[in-house]
Amino acid sequence: MMLTIQSVTKHTADIGTIKELFNSAFPEAERIPIWFLLRKARKEGIDFLACCDQGSFVGMMYLITRKDLTFILYLAVGSGMRSKGYGSRMLEQVKAMYPHHRVILNIEAPDDSADNRVQRVKRRDFYFRNGFGPAGFTLTNRDVTYEMLIAGGSCTAEEYLSLTRMFTGAIIFPFVKPRINNVE
């Protein structure tokens with residue numbers, strides 16, 4: 001399994017497949033419009049990436065970097081490629097691309113009353129197996145609570161908010177600013 005990574009643009013050959021995966025892997029409330037992601041990906045510190053194995057598309061990642069902190073906004077493996085180690089390999093690629101960075105991400109927080117509670121626990125276990133642990137805070141956005149996970153160090157809520165502000169821009173940030181909940 002040799003993963004190759006390529007930047008995604010609106011001209012990428014697999015753009016249709018990437019859009020389909022994006023729309024099926026993430027709930028509508030969590031999806032930022034693709035046009036916005038593509039536009040932002042032209043800026044330094046933002047990577048929209050397609051992952052392929054021997055030329056076949058296996059997944060996509062969207063990374064936002066500020067200083068030594070890299071945030072995985074999206075990571076998804078195609079439905080026919082799941083449970084084959086690709087997600088772990090993609091996380092290894094991120095760590096290899098940014099070897100001295102702390103890598104942070106968020107997942108839907110475990111919730112016994114959630115319809116997808118089993119999926120949430122499996123996702124959390126997956127990230128724990130791949131070197132992530134609790135960052136010490138959660139965030140709530142659009143009435144969904146997310147657990148922040150980190151690998152390679154620690155991150156403060158302020159650092160995360162600063163990275164989010166850099167990505168969204170000063171005009172949009174006040175409309176998307178998540179509520180931070182400290183759990184430590």
Side-chain angles (χ1 to χ4, degrees), residues 1-9 12 14-15 17-19 21-22 24-26 30-32 34 36-79 81-109 119-120 122-139 146-157 159-168 178:
M1 181 180 345
M2 177 65 185
L3 280 187
T4 55
I5 306 292
Q6 73 176 55
S7 293
V8 174
T9 70
T12 298
D14 289 317
I15 193 68
T17 305
I18 292 166
K19 287 178 181 178
L21 173 59
F22 181 72
S24 66
F26 302 101
E30 296 178 17
R31 292 192 305 253
I32 295 171
I34 286 278
F36 185 82
L37 296 175
L38 288 165
R39 187 169 141 232
K40 284 291 189 173
R42 296 188 306 225
K43 298 189 181 297
E44 186 175 335
I46 300 174
D47 299 299
F48 193 170
L49 304 170
C51 304
C52 299
D53 185 4
Q54 298 179 3
S56 296
F57 176 77
V58 297
M60 51 85 56
M61 301 185 289
Y62 198 93
L63 313 173
I64 304 166
T65 299
R66 184 171 190 275
K67 298 181 181 175
D68 70 333
L69 183 65
T70 297
F71 175 55
I72 301 175
L73 178 61
Y74 297 112
L75 184 146
V77 175
S79 60
M81 301 295 186
R82 293 184 188 138
S83 299
K84 296 180 181 180
Y86 287 116
S88 295
R89 292 295 312 270
M90 290 164 67
L91 290 172
E92 289 172 16
Q93 281 293 138
V94 173
K95 292 174 185 177
M97 289 167 57
Y98 298 102
H100 304 293
H101 285 212
R102 298 164 294 152
V103 180
I104 193 166
L105 55 87
N106 62 42
I107 58 171
E108 291 173 303
Q119 181 187 47
R120 290 181 184 204
K122 284 182 178 180
R123 187 175 295 128
R124 188 175 199 255
D125 290 346
F126 164 77
Y127 285 113
F128 278 19
R129 282 192 312 274
N130 282 281
F132 287 79
F137 63 96
T138 63
L139 64 91
Y146 299 93
E147 181 178 14
M148 302 301 295
L149 302 179
I150 191 158
S154 62
C155 174
T156 65
E159 287 177 295
Y160 170 76
L161 289 174
S162 179
L163 180 142
T164 302
R165 186 179 300 107
M166 182 265 314
F167 173 68
T168 60

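- Summarising the geometry of Ser7 relative to Thr12, their closest heavy-atom pair is O-OG1, 3.6 Å, with the distance given to 0.1 Å.
- Here the shortest heavy-atom pairing between Tyr160 and Leu139 reads CE2-CD2, 3.4 Å.
- The nearest pair of heavy atoms linking Met61 to Ile5 is CE-CD1, 4.1 Å.
- Ring-plane geometry between Phe22 and Tyr74 is classed as perpendicular, the angle between the planes exceeding 60 degrees on a 0 to 90 degree scale with a lower cut at 30.
- For the residue pair Tyr146 and Glu30, the shortest heavy atom distance occurs at OH-CG, 3.1 Å.
- Comment: Glu147 does not engage Arg120 in a salt bridge, judged by the lack of any side-chain N to carboxylate O separation of less than 4.0 angstrom.
- Ala76 and Leu21 make their closest contact through O-CD2, 3.7 Å (heavy atoms, listed as atom of the first residue, atom of the second, distance).
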Worked verdict on Leu149 versus Phe128 for side-chain contact (heavy atoms from CB on, under 4.5 Å) | CA-CA 9 Å; Leu149 302 179; Phe128 278 19; 3.7 Å; yes
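- At most 12 heavy atoms of other shown residues, nucleotides or ligands fall within 6.0 angstrom of atom CZ in Arg39.
- The distance from atom OG1 of Thr65 to atom CG of Leu163, rounded to the nearest 0.5 Å, is 7.5 Å.
- Under 4.0 Å is where a charged nitrogen must lie from a carboxylate oxygen, and between Glu92 and Arg89 at least one such pair does.
- In this structure, Val58 and Cys52 have side chains that are not in contact, with every pair of non-hydrogen atoms separated by 4.5 Å or more.
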Report the C-alpha distance between Met97 and Leu49 in whole Å, list the side-chain angles of each, state the deciding distance to 0.1 Å, and finish with yes or no for side-chain contact (heavy atoms from CB on, under 4.5 Å).
-> CA-CA 12 Å; Met97 289 167 57; Leu49 304 170; 3.7 Å; yes
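- Rounding to the nearest 0.5 Å gives a distance of 7.0 Å between NZ of Lys19 and CG of Leu38.
- Although no hydrogens or angles enter the test, the distance criterion places no donor-acceptor pair under 3.5 Å between the side chain of Arg66 and the main chain of Gly45.
- A distance of 14.0 Å separates OG in Ser162 from CZ in Phe167, rounded to the nearest 0.5 Å.
- Between Arg102 and Glu159 there is a salt bridge, since at least one side-chain N of the basic residue sits less than 4.0 Å from a carboxylate O of the acidic one.
- Ile18 and Ala50 get closest at one heavy-atom pair: CD1-CB, 4.0 Å.
- At least one side-chain heavy atom of Ile64 sits less than 4.5 Å from a side-chain heavy atom of Met166.
- For the pair Ile32/Leu73, a side-chain contact is recorded, criterion being any heavy-atom separation below 4.5 Å from C-beta on.
- Looking at Gln6 and Asp14, their side chains never come closer than 4.5 Å, going by heavy atoms from C-beta outward.
- In this structure, the separation between OG1 on Thr168 and CG on Leu161 is 10.0 Å, given to the nearest 0.5 Å.
- One finds the CG atom of Asn106 at 10.5 Å from the CD1 atom of Ile72 (value rounded to the nearest 0.5 Å).
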Output, in order, the C-alpha distance, side-chain angles, deciding distance and verdict of side-chain contact (heavy atoms from CB on, under 4.5 Å) for Phe132 and Ile104.
-> CA-CA 8 Å; Phe132 287 79; Ile104 193 166; over 6 Å; no
Report the C-alpha separation of Phe71 and Thr164 in whole Å, then their side-chain angles, then the decisive distance to 0.1 Å, and conclude whether the side-chain contact (heavy atoms from CB on, under 4.5 Å) test is met.
-> CA-CA 9 Å; Phe71 175 55; Thr164 302; 5.5 Å; no
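- Distance alone, capped at 3.5 Å, places no donor-acceptor pair between the Tyr98 side chain and the Thr70 backbone.
- Here CG of Leu105 is found 7.5 Å from CG of Leu91. Values are rounded to the nearest 0.5 Å.
- Between Phe48 and Met60, the closest side-chain pair of non-hydrogen atoms falls below 4.5 Å.
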